[in-house]
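Got a structure for you, questions after.
We use all heavy atoms of the structure for the numbers below, so side chains are in, but hydrogens, waters and symmetry mates are not.
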Amino acid sequence: MTARNRLLLSARCLTAAGAFLAAAAVFHFFAAHHIAPILRRAVDARTFAFLEPIVSFTFLLNAVLLLPLSFTTLYGAAGVRRGERWAWWISIANALTVVALPCLLLYSMGLGYFADAPLFLAGALSITAAGLLMLLPLVRARRDLLPPA
(Lines give C-alpha, C1' and ligand atoms only; values in the text may rest on other atoms or scores of the structure.)
Protein backbone atom coordinates (compact mmCIF):
# COMPACT_ATOMS: atom_id res chain seq x y z
CA MET A 1 0.00 0.00 0.00
CA THR A 2 1.39 3.40 -0.96
CA ALA A 3 1.79 6.33 1.41
CA ARG A 4 -1.04 8.17 -0.33
CA ASN A 5 -3.35 5.18 0.04
CA ARG A 6 -2.54 4.81 3.74
CA LEU A 7 -3.43 8.47 4.33
CA LEU A 8 -6.60 8.09 2.28
CA LEU A 9 -7.59 4.96 4.23
CA SER A 10 -6.97 6.77 7.53
CA ALA A 11 -9.08 9.72 6.39
CA ARG A 12 -11.93 7.45 5.30
CA CYS A 13 -11.82 5.57 8.60
CA LEU A 14 -11.88 8.86 10.51
CA THR A 15 -14.86 10.02 8.47
CA ALA A 16 -16.75 6.80 9.22
CA ALA A 17 -15.84 6.99 12.92
CA GLY A 18 -16.89 10.65 13.06
CA ALA A 19 -20.27 9.66 11.67
CA PHE A 20 -20.57 6.89 14.30
CA LEU A 21 -19.70 9.37 17.05
CA ALA A 22 -22.31 11.83 15.79
CA ALA A 23 -24.86 8.99 15.74
CA ALA A 24 -23.91 8.11 19.32
CA ALA A 25 -24.49 11.75 20.32
CA VAL A 26 -27.95 11.71 18.74
CA PHE A 27 -28.71 8.38 20.45
CA HIS A 28 -27.77 9.87 23.82
CA PHE A 29 -30.01 12.90 23.23
CA PHE A 30 -32.96 10.66 22.34
CA ALA A 31 -32.28 8.13 25.11
CA ALA A 32 -32.06 10.76 27.85
CA HIS A 33 -35.83 11.17 28.10
CA HIS A 34 -36.24 7.40 28.62
CA ILE A 35 -34.09 7.46 31.75
CA ALA A 36 -36.81 8.60 34.16
CA PRO A 37 -39.37 5.87 33.33
CA ILE A 38 -36.71 3.15 33.46
CA LEU A 39 -35.36 4.33 36.82
CA ARG A 40 -38.86 4.85 38.25
CA ARG A 41 -39.61 1.14 37.67
CA ALA A 42 -36.26 -0.02 39.05
CA VAL A 43 -35.88 1.93 42.31
CA ASP A 44 -37.93 3.38 45.15
CA ALA A 45 -39.14 7.01 45.07
CA ARG A 46 -36.39 8.41 47.31
CA THR A 47 -33.63 6.73 45.33
CA PHE A 48 -35.28 7.85 42.10
CA ALA A 49 -35.34 11.48 43.27
CA PHE A 50 -31.61 11.26 43.95
CA LEU A 51 -30.48 9.25 40.90
CA GLU A 52 -32.64 10.53 38.04
CA PRO A 53 -31.07 14.00 37.70
CA ILE A 54 -27.56 12.53 37.87
CA VAL A 55 -28.18 9.82 35.30
CA SER A 56 -30.11 12.14 32.96
CA PHE A 57 -27.36 14.75 33.20
CA THR A 58 -24.74 12.11 32.43
CA PHE A 59 -26.57 11.05 29.27
CA LEU A 60 -26.94 14.66 28.14
CA LEU A 61 -23.32 15.43 29.00
CA ASN A 62 -22.20 12.47 26.90
CA ALA A 63 -24.30 13.71 24.00
CA VAL A 64 -22.94 17.25 24.23
CA LEU A 65 -19.32 16.06 24.45
CA LEU A 66 -19.71 13.56 21.63
CA LEU A 67 -20.74 16.34 19.23
CA PRO A 68 -17.40 18.24 19.25
CA LEU A 69 -15.53 14.94 19.33
CA SER A 70 -17.32 13.89 16.14
CA PHE A 71 -16.77 17.33 14.58
CA THR A 72 -13.02 17.40 15.28
CA THR A 73 -12.74 13.82 14.02
CA LEU A 74 -14.44 14.76 10.76
CA TYR A 75 -12.38 17.96 10.50
CA GLY A 76 -9.16 16.06 11.20
CA ALA A 77 -9.97 13.55 8.46
CA ALA A 78 -9.54 16.23 5.80
CA GLY A 79 -6.14 17.23 7.20
CA VAL A 80 -4.98 13.62 7.50
CA ARG A 81 -5.98 13.08 3.86
CA ARG A 82 -3.54 15.89 2.98
CA GLY A 83 -0.86 14.44 5.28
CA GLU A 84 -0.88 17.34 7.74
CA ARG A 85 0.72 16.68 11.14
CA TRP A 86 -1.65 18.86 13.17
CA ALA A 87 -4.59 16.82 11.91
CA TRP A 88 -2.84 13.56 12.77
CA TRP A 89 -2.20 14.75 16.35
CA ILE A 90 -5.78 15.86 16.86
CA SER A 91 -7.06 12.64 15.31
CA ILE A 92 -4.79 10.41 17.41
CA ALA A 93 -5.92 12.23 20.57
CA ASN A 94 -9.55 11.70 19.56
CA ALA A 95 -8.90 8.03 18.76
CA LEU A 96 -7.25 7.39 22.13
CA THR A 97 -10.15 9.15 23.85
CA VAL A 98 -12.69 6.98 22.07
CA VAL A 99 -10.73 3.78 22.79
CA ALA A 100 -10.57 4.76 26.47
CA LEU A 101 -14.37 5.07 26.77
CA PRO A 102 -15.27 1.35 26.61
CA CYS A 103 -12.25 0.51 28.76
CA LEU A 104 -13.54 2.87 31.45
CA LEU A 105 -17.04 1.43 31.16
CA LEU A 106 -15.76 -2.10 31.58
CA TYR A 107 -13.55 -1.08 34.50
CA SER A 108 -16.31 0.77 36.31
CA MET A 109 -19.22 -1.59 35.60
CA GLY A 110 -17.70 -5.02 35.06
CA LEU A 111 -18.89 -7.64 32.61
CA GLY A 112 -22.06 -8.61 34.50
CA TYR A 113 -23.82 -5.34 33.73
CA PHE A 114 -23.46 -5.84 29.98
CA ALA A 115 -25.14 -9.25 30.06
CA ASP A 116 -28.40 -7.67 31.26
CA ALA A 117 -28.30 -4.61 28.97
CA PRO A 118 -28.10 -5.56 25.28
CA LEU A 119 -28.44 -1.97 24.03
CA PHE A 120 -25.66 -0.88 26.35
CA LEU A 121 -23.51 -3.74 25.07
CA ALA A 122 -24.25 -2.75 21.46
CA GLY A 123 -23.27 0.84 22.23
CA ALA A 124 -20.04 -0.20 23.93
CA LEU A 125 -19.14 -2.49 21.03
CA SER A 126 -19.86 0.19 18.44
CA ILE A 127 -17.74 2.76 20.30
CA THR A 128 -14.93 0.18 20.59
CA ALA A 129 -15.15 -0.46 16.85
CA ALA A 130 -15.13 3.28 16.11
CA GLY A 131 -12.07 3.80 18.31
CA LEU A 132 -10.13 0.98 16.70
CA LEU A 133 -11.27 2.11 13.25
CA MET A 134 -9.71 5.48 14.06
CA LEU A 135 -6.57 4.33 15.85
CA LEU A 136 -5.15 1.51 13.78
CA PRO A 137 -4.99 3.25 10.37
CA LEU A 138 -3.63 6.41 12.01
CA VAL A 139 -0.77 4.51 13.61
CA ARG A 140 0.02 2.87 10.29
CA ALA A 141 -0.07 6.18 8.37
CA ARG A 142 2.11 8.15 10.81
CA ARG A 143 5.27 7.76 8.74
CA ASP A 144 3.48 9.16 5.67
CA LEU A 145 2.84 12.63 7.11
CA LEU A 146 4.42 15.72 5.66
CA PRO A 147 7.68 16.79 7.31
CA PRO A 148 7.34 19.50 9.98
CA ALA A 149 7.31 23.05 8.63
Side-chain angles (χ1 to χ4, degrees), residues 1 6-81 83-145:
M1 183 177 275
R6 281 189 293 272
L7 289 171
L8 185 60
L9 175 64
S10 291
R12 286 181 177 161
C13 288
L14 286 169
T15 300
F20 277 116
L21 292 171
V26 169
F27 172 79
H28 277 81
F29 276 123
F30 284 128
H33 81 279
H34 293 288
I35 297 295
I38 292 169
L39 277 177
R40 190 171 274 120
R41 288 191 306 268
V43 298
D44 62 72
R46 185 170 174 214
T47 305
F48 172 81
F50 175 76
L51 281 181
E52 191 278 329
I54 296 168
V55 176
S56 293
F57 171 74
T58 302
F59 257 75
L60 293 171
L61 178 67
N62 288 338
V64 168
L65 293 177
L66 282 166
L67 287 176
L69 186 62
S70 65
F71 173 75
T72 57
T73 299
L74 292 168
Y75 185 64
V80 167
R81 184 177 290 112
E84 297 174 1
R85 285 187 179 280
W86 68 265
W88 187 89
W89 280 108
I90 288 171
S91 297
I92 201 77
N94 285 356
L96 291 171
T97 300
V98 173
V99 168
L101 294 173
C103 297
L104 290 171
L105 281 174
L106 188 61
Y107 173 76
S108 65
M109 297 178 161
L111 283 173
Y113 185 82
F114 291 97
D116 294 332
L119 285 176
F120 206 80
L121 177 61
L125 289 175
S126 67
I127 291 295
T128 302
L132 293 175
L133 184 68
M134 294 166 72
L135 184 63
L136 299 177
L138 279 170
V139 169
R140 191 160 178 234
R142 186 179 194 289
R143 68 178 183 264
D144 304 318
L145 299 172

Check: Taking atom CZ of Arg81 and atom CG of Leu9, what is their separation to the nearest 0.5 Å?
Finding: 11.0 Å

Note to self: Please report the interatomic distance CZ(Arg40) to CD1(Ile35), rounded to the nearest 0.5 Å.
What the structure shows: 12.5 Å

Next item on the list: List in chain and number order the residues that pass salt bridge (charged side-chain N to carboxylate O under 4.0 Å, His left out) with Glu84, two or more places apart in sequence or in another chain; answer none if no residue qualifies.
Entry: Arg82

Residues 88-100 side chain polar contacts: donor-acceptor under 3.5 Å, at least two apart:
{"residue": "Trp88", "atom": "NE1", "partner": "Leu138", "partner atom": "O", "Å": "2.9"}
{"residue": "Ser91", "atom": "OG", "partner": "Ala87", "partner atom": "O", "Å": "2.8"}
{"residue": "Asn94", "atom": "ND2", "partner": "Thr72", "partner atom": "OG1", "Å": "2.8"}
{"residue": "Asn94", "atom": "ND2", "partner": "Thr73", "partner atom": "OG1", "Å": "3.1"}
{"residue": "Thr97", "atom": "OG1", "partner": "Ala93", "partner atom": "O", "Å": "2.8"}

Checklist line | Residues that Ile54 engages under side-chain contact (heavy atoms from CB on, under 4.5 Å), provided they are two or more places apart | finding: Phe50, Thr58

Check: If you measure from CG on Asn62 to CG on Leu67, what distance do you get to the nearest 0.5 Å?
Finding: 11.0 Å

Using a 3.5 Å cut-off and no angle test, enumerate the donor-acceptor pairs between side-chain atoms of residues 14-31 and protein atoms at least two apart in sequence or in another chain.
{"residue": "Thr15", "atom": "OG1", "partner": "Ala11", "partner atom": "O", "Å": "2.9"}
{"residue": "His28", "atom": "ND1", "partner": "Ala24", "partner atom": "O", "Å": "2.8"}

Margin query: Ser56: which residues meet the side chain to side chain donor-acceptor pair (under 3.5 Å) condition with it, sequence neighbours left out?
Written below: Glu52

Notebook entry, point to check: Could you give the distance from CG (Leu7) to CZ (Arg143), rounded to the nearest 0.5 Å?
Noted result: 10.0 Å

Notebook entry, point to check: Among all residues two or more places apart in sequence or in another chain, which pass the side-chain contact (heavy atoms from CB on, under 4.5 Å) test with Leu106?
Noted result: Leu111, Phe114

Check: With Thr47, which residues qualify under side-chain contact (heavy atoms from CB on, under 4.5 Å), at least two apart?
Finding: Val43, Asp44, Leu51

Check: Among all residues two or more places apart in sequence or in another chain, which pass the salt bridge (charged side-chain N to carboxylate O under 4.0 Å, His left out) test with Arg6?
Finding: Asp144

Checklist line | Residues Leu101, Thr128; criterion side-chain contact (heavy atoms from CB on, under 4.5 Å); working and verdict | finding: CA-CA 8 Å; Leu101 294 173; Thr128 302; over 6 Å; no

Check: Once you round to the nearest 0.5 Å, how far does CG of Leu133 lie from OG of Ser126?
Finding: 11.5 Å

